[in-house]
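For reference, the structure discussed in these notes is given below.
Note on naming: letters A, B, ... go to the chains in the order of the sequence lines (proteins, then strands), and numbering restarts at 1 for each one.
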2 protein chains.
Amino acid sequence: MLDNRKKQILQAIVDNYIDTAEPVGSRTIEKKYQLGLSSATIRNEMADLEELGYLMQPHTSAGRVPSLTGYQLYVDELMTQYSLTLEEIGVLKSVMEEKFDYLEKIISKASGIMSDLTNYTSVVMGPKIKKDSIKNIRLIPVDSQIILAVIVTNEGIIKDKKIRLRHISDFEGIERLEKAINSHLAGIESTEITMDRVVRLVNEAKVSDDITIAVLEFIKECITSQSKDDLYVNGSANILAFPEYSDVSKAKDFLNFVGDKENMMLAISQSASEAGDISIKIGGQDGNADYSIITSKYKIGDSMEGVIGLIGPVRMDYKKAVSVMKSVTDMINNKMLEITKKEDGHE
Amino acid sequence: MLDNRKKQILQAIVDNYIDTAEPVGSRTIEKKYQLGLSSATIRNEMADLEELGYLMQPHTSAGRVPSLTGYQLYVDELMTQYSLTLEEIGVLKSVMEEKFDYLEKIISKASGIMSDLTNYTSVVMGPKIKKDSIKNIRLIPVDSQIILAVIVTNEGIIKDKKIRLRHISDFEGIERLEKAINSHLAGIESTEITMDRVVRLVNEAKVSDDITIAVLEFIKECITSQSKDDLYVNGSANILAFPEYSDVSKAKDFLNFVGDKENMMLAISQSASEAGDISIKIGGQDGNADYSIITSKYKIGDSMEGVIGLIGPVRMDYKKAVSVMKSVTDMINNKMLEITKKEDGHE
DNA sequence: ATTTAGCACTCACCAACATCGAGTGCTAAC
DNA sequence: GTTAGCACTCGATGTTGGTGAGTGCTAAAT
């Protein structure tokens, strides 16, 4: 479709624009990137690229700026690899050497690292538990009103939640419910939590509905990972460093977007679900969006998976972002392995 | 010290400046506030007020702006009461009617409401548990590596934490530890958690040090309220709406300040501890601060207390902020009463 | 048939300059 | 003690012309 020379030029333009945030002109390309072409030729090619929709001109006598399609082509075909600097590797290493006990700490640290290294806004979604890897569920009455529900996965990760009820008296019932849930659990899907199944459970456990429903809600939450508490956002103030957000109202929009956790979870999980390992969503596709979202899935053994993401201006350093994200994903995987391995060694 | 007329004029100036964010001149005061004085007289008084240190002039031919001491006098003596509008009362009412099960939900909702109503950044610190109101502590091993530690207060509020250890085998030891802690608990102070005490506990429980230390750490956290998870910050993007933060670098400083939870907890608890019910800290006193912090304590029965706060530009609508804060504090108290009453009815 | 040099043209950006007006301080009259 | 009047200050706003980076086009060079 696009001949080689056009691609080279497009790549140079995108690279340069990502770097400088300024429309790039033909002379800049001629001097900075030795393509063996005169500015006039580049000029002609640029006119072509504009006609094809890969470039845009803010005004007649300005340089060119990549269009969304331009960025798309860039991330799909043109983008080169970025290698982390020694310093960056150092930061990652130092984190690798820290001891982590809990999933949450790793997750939140990962988010911090990502935003530190990229200066973009990072977001990490706590893992959802895969249906078939729940080792067991415990229901512990701690008070006359509160049950602590705990899910333990095969990998030894636990999630817990307090369930508050009007009054608990039927302790044996809760025990029966615990048993009933554990035995019916194998391979439960969130969509399979139907009234039917609930009725059967209630019958078996002979415990009041409200307890059962609350517990099942919790399980569903773990499977679909829809808890706001599991979302870690970092470095949203970074956005202000980018000239495209020196307009305060734009910055405000952005911060409101990133601050709204529901919204954010939706955006992240949508973006992630559509693609495989790493997905890049270039601004404006949601209609309301002036920024790009890069997401990557991480896995904890076979039992859990979650998503990490970076959000920044459309003029984002995609190659750096992608490479940092890969490293962080690896880091999470390794650190989790460490935690879960520890247990295996002992049992 | 200050005669009445000077106070009136100072009040008018502060009120107006809070409203408009613009230096206020003598003519404005003459027209907007009927003090029965000509602009010339007001001018003279303003010159006096400036000499006394209550006002400042950005430049020779501009109006006057309150100085920090000016604000201080204003909040101490001059500030009138603000009554919430019907609309604002409506918002609060609608929240009052919602059902809340959990402390955390109320807390986080309260934070949201506060920032919505004032357009400032709100922060709510989860309550710390008073030492003498811990009903009991439970240690529940849920896995070969994890103990769930749960504190239940007299009011029926619970806090819990996962404690991960290398390997747990000594289940009886944990039970002994639980008993030992519960019996030694009466009147424990965070400062009293010394090596000494730990040793004694370990001796009594005959369980390994690391478990004991981890559990005591958790208790300490609950007593001193030093958990980052219990801090809810809302509406930090609001700051961008204020002209004093249209300078992006200032806005960035602010957002970084508010985003740093450790920092924030320190600032809030310092501010709150110094005064009684409501404390107003006017910018700059920390050296690094360009903004004001208003804090108010809330209580849950006799067993817990926490802090809510508002952070905004020095030119803050103090009267509104204070009144909203009072209402929200009341709301928290009432809602908590509801939750804890529920239990009393049953027991 | 490309590529390139050359040139006229466009347009954002900036500095210099003038203008405006809100606000002051001071003096003199009330 | 208060106020009217006036000269003065100084930031904000608007205008103007120059500058330079960049373009598109044409004609010469390869």
Quickly work out the B:Glu50 CD to C:dG25 P distance and round it to whole Å.
7 Å
Given C:dT4, D:dC10, D:dG24, the nucleotide with the shortest approach to the side chain of B:Thr60:
D:dC10
Please report the distance, rounded to the nearest Å, between CD in A:Glu30 and P in D:dA21.
14 Å
Reckon B:Ser26 touches a base, only the sugar-phosphate, or nothing at all at heavy-atom distances under 4.0 Å?
sugar-phosphate
OP1 or OP2 of C:dG23 under 4.0 Å from side-chain N/O of B:Thr28:
yes
For A:Arg64 and A:Met56, indicate whether the former's side chain and the latter's backbone hold a donor-acceptor pair under 3.5 Å.
no
Nucleotide D:dT2, atom P - distance to CG of B:Asp3 in whole Å:
10 Å
Below 4.0 angstrom from OP1 or OP2 of D:dG24, is there any side-chain N or O of A:Arg64?
yes
Taking NE2 from B:His59 and P from C:dT24, how many angstroms apart are they, rounded to a whole number?
10 Å
Close aromatic pair by centroid cut-off 6.0 Å: B:Tyr74 and B:Tyr54
no
Once you round it to whole Å, what is the distance between P of C:dT24 and CE of B:Met56?
15 Å
Could you walk me through whether A:Lys319 and A:Asp15 pass the salt bridge (Lys or Arg N to Asp or Glu O under 4.0 Å) test, one step at a time?
CA-CA 10 Å; A:Lys319 54 182 184 300; A:Asp15 273 336; 3.4 Å; yes
Check the distance between C:dT2's C1' and A:Lys6's NZ and give it to me in whole angstrom.
12 Å
Rounded to whole angstrom units, what separation is found between the CG atom of B:Asp48 and the C1' atom of C:dG25?
13 Å
Have a look at A:Thr41 and say if it touches a base, only the backbone sugar-phosphate, or nothing, with a 4.0 Å heavy-atom cut-off.
base
Whole angstrom value for the distance that separates P of C:dT24 from CD of B:Gln57
7 Å
Tell me whether A:Ser269 contacts the main-chain N or O of A:Leu266 through its side chain, where contact means a donor paired with an acceptor under 3.5 Å.
yes
Phosphate-side-chain proximity, B:Ser61 and D:dT9, N/O vs OP1/OP2 below 4.0 Å
no
Once the angle between the rings of B:Tyr71 and B:Tyr17 is folded into 0 to 90°, is it parallel (under 30°), tilted (30 to 60°) or perpendicular (over 60°)?
tilted
Out of D:dT3, D:dA21, D:dG5, which has the shortest distance to the side chain of B:Arg43?
D:dG5
